[in-house]
Amino acid sequence: MTPNSTEAARSAGAAGQPARSAAAATLITVAPTGAESEKATVPALPVTLDELVATAAECRAAGAAVIHVHIRDGDARPTLDLGRLKETVQALRESTDLIVQLSTGGAVTDSFEDRLAVLDAAPDACSLTCGTVNFGDEVFANPWPFVRELYARTRSAGVVPEFELFDLGHVATLHRLLSEQGLPHGGHVHCDLVMGVPGGMPGTVAALTAAVAALPEGATWSATGIGRSTLPVLFGALGAGGHLRVGMEDTTSFARGRPVTGNAELVERAAALAALAQRPPMVPDEARALLGVSSRH
Ligand code: KMH
Ligand code: ZN
């Protein structure tokens, strides 16, 4: 174990600094598109660059600080085309001050090679899933050698990872990563609990509490509940001092029998509930300070 990794195992806060834990303000991430829903069945899903940029601006105005990005091709199918990813990063940076977090999860059909190459689009941040999980009828594959390689590349590329945790075993893998390689670029560990995926941990307050208790000391976290677990997870996360991820990647229903009309209404609802909990949304510059993402200027 290197001195850096020893420190990481002890505390996920930056070395020599107090751990940045439960915050007074709420970090809201919007995940507007995902790779699973089809435009034909969900017309409000942003799939073109223009739709994504418009959504990003609306969600920023509603209280989002981070955008978790999956892109689509000309036929609205998920793609990891590097040219399109670079164009998307540039367009989002020009039109908003949101932290741009590219998905390295992609779709379940994407190759490991293409998923690693996402970092070449030079985003501010990326998702990094810490293990394989059944994903409905599919498998979202994240074997240890891939996770280890992706983490090493985030460190050398200077991209801040967000550790996506779909199951308690993924938390164990996060500890293993940190003890082997040390802290991420930016010096701070931030996780996202993705709950309620058929095959992953359930979207319940009991599961959230267990996962949070197992996180590295000093780590911050957000949570999102897929489908009908959206609201239980949102309320549980706010009550437990966590941050929030919302968006049409995770739910396409606003309420029973009422489809989401756009991502902004999901962000607006999260922001209103966070304000009610006396933890109003943080702006992107505050999120940069929390996550260790460097300022663009
Ligand atoms: N689309 C899922 C297979 C991520 O973005 O990093 C993977 C996913 C996770 O959405
Ligand atoms: Zn995603």
Side-chain angles (χ1 to χ4, degrees), residues 28-39 42 45-47 52 55-56 59 64 66-73 76-81 84-85 88-89 92 98-119 121 123-143 146-147 149-151 153-154 159-167 169-170 173-174 177 184 190-201 203 221-227 229-230 233 244-252 263 266:
I28 299 180
T29 297
V30 63
T33 308
E36 283 72 39
S37 291
E38 290 182 12
K39 181 73 169 173
V42 187
L45 197 70
V47 294
L52 185 63
T55 296
C59 291
V66 177
I67 185 164
H68 168 80
V69 179
H70 290 253
I71 61 165
R72 301 293 177 102
D73 66 14
R77 284 188 300 246
T79 179
L80 292 180
D81 178 81
R84 276 184 186 262
L85 284 171
T88 302
V89 170
L92 289 171
L98 290 168
I99 295 173
V100 179
Q101 180 195 91
L102 289 184
S103 167
T104 64
V108 290
T109 45
D110 284 319
S111 69
F112 296 134
E113 192 188 352
D114 287 350
R115 290 170 58 192
L116 291 169
V118 166
L119 298 182
D124 301 312
C126 70
S127 57
L128 193 164
T129 298
C130 291
T132 295
V133 62
N134 282 320
F135 198 82
D137 293 345
E138 321 274 358
V139 174
F140 177 30
N142 296 281
F146 169 72
V147 172
E149 176 66 18
L150 177 55
Y151 186 48
R153 291 202 195 186
T154 62
V159 175
V160 173
E162 176 179 273
F163 300 97
E164 307 290 327
L165 309 170
F166 289 68
D167 219 336
H170 296 188
T173 297
L174 169 60
L177 265 186
H190 181 75
C191 307
D192 180 45
L193 308 176
V194 185
M195 311 185 70
V197 168
M201 64 183 147
W221 57 278
S222 59
T224 183
I226 304 300
S229 68
T230 294
V233 169
L244 304 176
R245 175 174 121 170
V246 295
M248 294 178 74
E249 173 166 348
D250 301 336
T251 185
T252 53
N263 282 283
L266 293 170

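All ligand and atom numbering here is 1-based and tracks the order in the structure.
- The ligand atoms of ligand 1 that sit less than 4.0 angstrom from a heavy atom of His70 are 1 (N), 5 (O), 10 (O).
- Within 6.0 Å of CD in Glu149 there are more than 12 heavy atoms belonging to other residues, nucleotides or ligands.
- Between the side chain of His70 and the backbone N or O of Thr33 there is no donor-acceptor pair closer than 3.5 Å.
- With hydrogens and angles left out, the side-chain atoms of Asn142 and Thr129 include no donor and acceptor closer than 3.5 Å.
- In terms of protein heavy-atom proximity, atom 10 (O) of ligand 1 is closest to Glu249 OE2, 2.9 Å.
- In Glu249, the N, O or S atom that comes nearest to the Zn ion (ligand 2) is OE2.
- Here the shortest heavy-atom distance to atom 3 (C) of ligand 1, taken over Arg115, Glu164, Glu36, His68, belongs to Glu36.
- One N or O on the side chain of Asp110 and one on the backbone of Ala107 form a donor-acceptor pair closer than 3.5 Å.
- The shortest N or O to N or O distance between Ser103 and ligand 1 is below 3.5 Å.
- The distance from ligand 1 to the heavy atoms of Ser127 drops below 4.0 Å at these ligand atoms: 4 (C), 5 (O), 6 (O).
- When each atom of ligand 1 is checked for a heavy atom of Gly105 under 4.0 Å away, the hits are 4 (C), 6 (O).
- At least one donor-acceptor pair closer than 3.5 Å links the side chain of Asp124 to the backbone N or O of Val100.
- Angle subtended at the Zn ion (ligand 2) by His68 NE2 and His70 NE2: 100°, rounded to 10 degrees.
- Nearest-residue assignment for atom 2 (C) of ligand 1 (options Ala141, Ala31, Ala35, Gly106; heavy-atom criterion): Gly106.
- Remark: the backbone N or O of Arg115 is not paired with any side-chain donor or acceptor of Thr104 at under 3.5 angstrom.
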Inset, instruction - Could you check Val147 against Leu128 for side-chain contact (heavy atoms from CB on, under 4.5 Å), going step by step and ending with a plain yes or no? - result: CA-CA 7 Å; Val147 172; Leu128 193 164; 3.9 Å; yes
